[in-house]
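A quick write-up on the structure given underneath.
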Amino acid sequence: MAQTYDHQVVEAKWQAHWEQTGLFQVKEDATTPKYYCLEMFPYPSGRIHMGHVRVYAIGDVIARYKTMRGFHVLHPMGWDAFGLPAENAAIEKGVHPNAWTQENVAYMKKQLRRMGLSYDWDREVNTSQPDYYRWNQWIFLKMVERGLAYRKRSAVNWCPSCETVLANEQVLAQEGKDGGVCWRCESVVIQKELEQWFFRITQYAQELLDGCDRLTSWPARVLAMQRHWIGRSQGVGIDFPVAEPRDDLTAIRIFTTRPDTIYGATFMSLAPESPLVEQLIAGRACAETVRAFVERVSRLDKATRTAADREKEGVFTGAYAINPFTQERIPIWVANFVLYEYGTGAIMAVPAHDQRDFEFAKHYNIPIRLVIQNPDETLATDALDAAYEEQEQAGVLVNSGTFTGLSVPDAKQAMGEYVEAQGWGKRTINFRLRDWGISRQRYWGTPIPMLYCGHCGIVPVPENQLPVLLPEDVPFTGKGGSPLKESPSFAKATCPTCGGTARRESDTMDTFVDSSWYFLRYCSPQDTNQPVNPHAAQHWMAVDQYVGGIEHAVLHLLYARFFTKVLRDLGLTKVDEPFVHLLTQGMVTKETYWCEEHRWVLPSDTIKEDGQRLCGQCRKVIVTGRTEKMSKSKKNIASPEDLCDRYGADTARLFSLFAAPPEKDLEWSDTGVEGCSRFLNRVWRLVQEQLPVFREVNDQPISQESALLADLQRATHHTIQKVTHDLERDFQFNTAIAALMELVNQLYKSMKDYPMNALTADERGGWRSAIETLLILLAPFAPHLAEELWNTAGHVTSIARQPWPLFNPDLVVSTEWTIPIQVNGKLRSKISVPAGSTKDQIIASAQSDTKLIEWLQDKTPRKVIYVEQKLVNFVM
RNA sequence: GCGAGAGUGGCGGAAUGGCAGACGCGCAAGACUUAGGAUCUUGUGGGUAACCGUGGGGGUUCAAGUCCCCCCUCUCGCACCA
């Protein structure tokens with residue numbers, strides 16, 4: 001019996017060897033094509049989880065495969081190391097965020113190394129270190145120079161009890177409370193206005209939208225989400241004169257995409273935050289009521305405020321506007337559903353043709369006027385139970401003056417032109433996309449390199465004073481404003497313009513800034529003069545394959561696209577889009593059950609009894625069983641460390657690639673892991689048993705006729721074809737691995753069929769070649785095992801550097817064909833014919849097949865379909 | 001509501017319009033064993049059978065899981081954007 005495979009020893013041995021020999025270090029190289037393979041870098045939370053194993057296994061197979069295909073592959077790794085959890089650890093455990101982060105990085109790096117990933121660790125980046133974040137500051141200054149970074153007042157979540165700003169994820173929904181609550185003290189969170197820094201991403205809105213059309217190798221749903229987020233819409237801005245002008249307020253501009261409905265506008269609505277509201281109500285009797293309403297609405301956090309199912313509410317301002325088309329006086333209301341940030345913060349309300357306005361009008365008894373008629377089903381105003389919003393199919397204007405009778409699209413066009421001709425407004429394009437607010441009132445992030453001088457105002461930190469370092473002397477209490485304000489060494493600075501005393505900006509940058517350009521930094525990670533060396537970027541960019549979770553479909557990927565365009569305009573890169581192909585891998589889930597008493601329960605902690613599933617502890621019947629994303633609270637964690645201890649990294653990798661296609665969710669299965677482990681052991685034993693057969697044999701041309709040789713060649717070349725095809729086409733790892741399993745099954749069969757002691761020299765050579773092909777094909781998936789066996793077989797150079805085998809179509813040809821025979825499209829028989837038989841020979845042979853006689857009887861088929869080497873179908 | 005995707009054995013999942021269920025798990029029988037939760041072999045969609053089978057109903061085709069039309073269910077994302 002061959003010795004069993006000791007994964008612990010073998011994997012450690014090769015990991016050390018690869019590292020010592022610098023196998024995965026990569027340089028720019030003009031002689032072979034480049035390939036840039038990138039997986040989204042992790043947040044150093046402490047431990048890697050199965051989701052990490054999956055995404056990095058996927059990336060690693062791609063990188064290793066492309067290397068074997070002759071590319072020089074950039075495959076880097078780093079740490080998205082700034083962020084809230086480090087600060088929470090500081091507040092709760094008293095550890096400094098930097099110490100906490102560095103410790104986690106060290107630990108997780110060790111874990112990643114155990115997986116045998118082919119990273120060039122010389123290119124490692126850590127966004128929390130000054131050699132990285134100084135370039136965030138540098139880019140920020142360039143953006144200030146170009147007007148792409150600016151300051152404005154904006155609302156933040158504020159906990160009145162902790163007196164601190166909260167990130168959106170620190171605001172929790174709580175039942176019975178109108179609005180979110182603080183994660184620590186459960187006080188109701190309010191909105192507070194602060195001066196904050198913004199990136200003008202809206203300047204690139206159109207380019208970001210157009211770019212989506214060229215990202216043809218991105219998943220459709222990611223593109224759909226990006227397009228929706230950018231949200232371009234075409235409409236008209238129209239001035240409605242104020243009936244009794246107040247001071248300089250003579251008209252209010254609204255934005256609408258439905259100018260065709262303007263004859264049906266029976267009121268106007270303003271956003272509560274609009275400064276026009278105060279102008280309109282000042283001195284009126286209703287002023288206090290309106291102010292109270294505005295106050296109440298604007299205290300709510302954004303998520304609560306904009307929930308679609310929120311009841312529509314409003315209040316009349318007492319003022320009127322004039323509809324320019326009808327000269328009619330319409331009341332001006334304030335409404336909770338009107339967004340100040342979108343359009344002009346004011347809308348014309350057409351209850352008959354907008355569902356929100358409809359509900360509002362019903363509630364407050366405002367007239368509803370039908371101006372679009374449905375030709376298929378005549379609508380009556382009194383009978384409407386919802387707004388008629390149809391725009392594409394039908395709809396003809398009624399009650400609309402000279403525009404009556406036009407179709408909706410024609411009316412949109414004509415009325416838009418009319419507005420412009422009359423000087424009432426103009427056609428405009430609006431985007432949902434907002435400028436990106438990057439100020440965070442946090443410690444563990446990149447300090448924003450700006451100064452506030454009593455004399456000179458807002459002054460950028462001069463470039464030669466970068467980086468602005470994070471100070472160490474900061475207390476972490478979780479209370480109060482920005483932690484950086486508490487550092488005496490940090491807050492005070494000298495104004496570079498006048499030499500006077502200046503205050504340093506105490507906010508830090510959103511961590512999404514860090515991840516918006518790290519892929520460029522990998523091209524020249526040690527450059528001390530600039531964020532990225534343009535020559536290195538020219539060589540490596542764009543990223544050929546990006547792999548990561550779908551949760552980043554909008555923000556990260558959009559910001560990274562934005563930064564790429566900004567850095568392009570700064571002359572640092574020439575690419576417009578950073579990521580050519582995008583693979584969004586599914587989550588790793590595990591089956592769990594929900595017990596009323598014991599919450600989430602693992603399958604192993606349940607009992608099956610009388611066809612019912614009971615909780616193992618309380619024996620209550622469980623009703624909910626489903627697969628959930630792995631999480632601590634659900635207790636359905638499978639630990640990568642345990643997995644590596646018990647089965648090894650190769651098994652962990654193989655399972656996470658085999659159990660589901662990469663883009664789908666993967667359900668964890670302990671027995672599935674066993675299956676993969678079993679497969680690797682089968683490979684191990686196969687090679688061990690064949691070793692003596694081919695060890696002394698050199699590769700030699702195969703001259704001999706031999707059934708075994710033909711079998712071996714057919715099997716290996718068929719596998720080469722299948723595995724290559726599956727990898728080339730969307731990285732279908734699961735079917736590629738299945739093909740390798742089939743090959744191993746085949747080889748076992750051949751081993752059984754042809755006794756080893758009777759093999760000829762040629763046949764030994766055939767065995768050698770078959771096994772080496774298997775190992776090479778397996779190498780990207782299970783690199784340690786493949787390397788070990790490759791080495792055992794007498795090779796000194798790494799299998800990771802072997803060229804990928806080429807498929808030879810001549811070698812898969814078999815001596816006979818099996819042709820399925822159908823009668824009227826149903827399978828009735830299969831026949832074997834010599835390879836190369838003609839259509840007529842095959843049909844003749846089918847007609848004489850005994851199984852078919854009863855189906856064909858003596859009748860002449862009406863028609864015979866023959867598909868080359870595939871099938872025969874008799875139509876009777 | 002809008003957008004994207006998915007419905008195939010006991011389970012995860014395979015199938016350029018051409019043999020439905022590859023491969024793996026599970027299960028069953030056998031072999032080897034003091035033993036087996038190791039390993040190997042064989043079988044395994046349903047039905048006694050004719051036959052029936054890819055969410056349901058139509059259609060195109062010699063042939064449909066795959067293409068077209070209608071419907072149902074589920075998952076994910078966005079969600080008052082005027």
Side-chain angles (χ1 to χ4, degrees), chain A residues 1-2 4 219-225 227-229 231-233 235 254-258 261 269 271 305-312 335-339 341-350 353-357 359-360 389 430-434 550-551 553-554 586-587 591 627 654-655 658-661 663-676 678-679 681-682 685 722 725 729 732 734-742 744-745 748-749 752 818-830 861-868 870-876:
Chain A
M1 191 74 191
T4 51
R221 64 169 167 158
V222 174
L223 290 174
M225 284 160 78
R227 287 193 181 101
H228 183 256
W229 193 260
R232 184 183 197 268
S233 81
I254 58 94
F255 173 78
T256 182
T257 55
R258 297 293 308 272
T261 64
S269 296
R305 160 85 195 277
T306 58
D309 52 1
R310 195 163 180 86
E311 200 187 332
K312 288 165 190 46
N336 65 342
F337 65 89
V338 179
L339 304 172
E341 310 82 34
Y342 186 76
T344 61
I347 58 167
M348 66 172 197
V350 184
H353 305 291
D354 182 288
Q355 185 58 28
R356 295 154 300 177
D357 298 341
E359 288 168 28
F360 195 89
E389 295 182 314
N430 257 307
F431 292 95
R432 303 172 58 129
L433 184 66
R434 302 289 141 71
I550 187 73
E551 66 274 19
V554 179
M587 289 186 310
E591 191 179 22
T627 53
L654 201 70
F655 175 75
F658 176 64
E663 65 282 358
K664 288 186 67 174
D665 284 354
L666 182 157
E667 192 186 332
W668 188 258
S669 147
D670 293 327
T671 50
V673 174
E674 300 252 5
C676 287
R678 206 143 44 209
F679 166 69
N681 276 305
R682 262 165 77 77
R685 283 196 311 274
K722 174 75 176 146
H725 176 262
R729 154 183 162 266
Q732 298 298 303
N734 53 332
T735 49
I737 293 167
L740 291 171
M741 290 174 168
E742 276 183 271
V744 170
N745 292 344
Y748 265 94
K749 198 162 171 296
K752 205 184 77 181
T818 303
I819 308 282
I821 310 296
Q822 297 180 336
V823 177
N824 291 332
K826 295 201 172 180
L827 181 73
R828 295 303 179 195
S829 180
K830 282 183 195 182
R862 206 155 46 109
K863 203 170 166 190
V864 182
I865 310 282
Y866 172 67
V867 183
E868 182 79 18
K870 272 271 176 63
L871 104 173
V872 176
N873 186 12
F874 292 100
V875 185
M876 303 306 289

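All values below come from the heavy atoms of this structure, side chains included, with hydrogens, waters and symmetry mates left out. Throughout, protein chains are lettered first and strands after them, A, B, ... in sequence-line order, and every chain is numbered starting at 1.
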*In Å and rounded to the nearest 0.5 Å, what is the CG to CZ distance from A/Asn873 to A/Arg828?*
10.5 Å

*Is there a side-chain contact between A/Met587 and A/Ile550, using heavy atoms and a 4.5 Å cut-off?*
no

*Work out which heavy atom in A/Thr344 is nearest to a heavy atom in A/Ile254; give both atom names and the distance.*
OG1-CA, 3.4 Å

*In whole Å, what is the span from the CZ atom of A/Arg828 to the C1' atom of B/A63?*
13 Å

_For atom CD of A/Glu359 and atom P of B/G1, their distance in whole Å_ = 14 Å

_Whole-Å P distance, B/G24 and B/U42_ = 12 Å

_Rounded at 0.5 Å granularity, tell me how far NZ in A/Lys870 sits from CD1 in A/Ile819._
10.0 Å

*If you look at every heavy atom in A/Phe874 and A/Ile821, which pair is closest and at what distance?*
CE1-CG2, 3.6 Å

*To the nearest Å, give me how far apart CG (A/Leu223) and P (B/C78) are.*
16 Å

*Nearest-angstrom distance from the residue atom CD of A/Glu389 to C1' of B/C80*: 11 Å

*Starting at CZ of A/Arg258 and ending at P of B/C80, how long is that distance when rounded to a whole Å?*
19 Å

*asked:* With rounding to the closest Å, how many angstrom separate the C1' atoms on B/G18 and B/C71?
replied: 29 Å

*asked:* Within this structure, what is the CE-CG distance for the pair A/Met348 and A/Asp357, rounded to the nearest 0.5 Å?
replied: 9.0 Å

*Below 4.0 angstrom from OP1 or OP2 of B/C81, is there any side-chain N or O of A/Arg434?*
no

_Whole-Å C1' distance, B/C19 and B/G65_ = 14 Å

*Might you point out which heavy atoms bring A/Arg682 and A/Tyr748 nearest each other, and give the distance in Å?*
O-OH, 2.8 Å

_Along RNA chain B (nearest heavy atom to each residue), the more 5'-positioned of A/Thr344 and A/Lys863_ = A/Lys863

*Determine: side-chain N/O of A/Lys826 to OP1/OP2 of B/A64, distance under 4.0 Å, yes or no.*
no

*Gap between atoms CD and P, on A/Glu663 and B/G5 respectively (whole Å)*: 12 Å

_Secondary-structure notation, RNA chain B, from Watson-Crick and G-U pairs under 3.5 angstrom (| other strand)_ = (((((((..(((.....[....)))((((((.......))))))((....))..(((((..]....))))))))))))....

*Are any non-hydrogen side-chain atoms of A/Met741 and A/Phe658 less than 4.5 angstrom apart?*
yes

*Closest contact, heavy atoms only, A/Val338 versus A/Gly345*: CG1-O, 3.7 Å

*Quick one: label A/Val338 by what it contacts on the DNA or RNA (base, sugar-phosphate, nothing), any heavy atom closer than 4.0 Å.*
base

*Taking the same atom, P, in B/G56 and in B/G7, what whole-Å distance lies between them?*
13 Å

*Find the distance A/Met225:CE to B/G77:C1' and express it as a whole number of Å.*
5 Å

_Taking the P atom in each of B/A4 and B/C62, what is the distance between them to the nearest angstrom?_
33 Å

*What string of B, S and - do you get for nucleotides 13-26 of chain B, 5' to 3', when a contact is any protein heavy atom under 4.0 Å?*
SSSB-BB--BBSSS

_Nearest-angstrom distance, P atom, B/G58 to B/C52_ = 15 Å

_RNA chain B: 5'-proximal contact among A/Val875 and A/Val554 (nearest heavy atom)_ = A/Val875

*Between B/A14 and B/A49 - P atom distance, rounded Å*: 31 Å

_Base orientation of B/G9, syn vs anti, 90° cut from 0_ = syn

*When rounded to the nearest Å, what value does the distance between C1' atoms of B/G5 and B/A38 take?*
43 Å

*Take atom CZ in A/Arg221; do more than 12 heavy atoms of anything else shown fall under 6.0 Å from it?*
no

*Rounded to the Å, how far apart are A/Ile550 CD1 and B/G3 P?*
18 Å

*Taking the side chain as every heavy atom from C-beta outward, state whether A/Ile347 and A/Phe337 have any pair of such atoms under 4.5 Å apart.*
yes

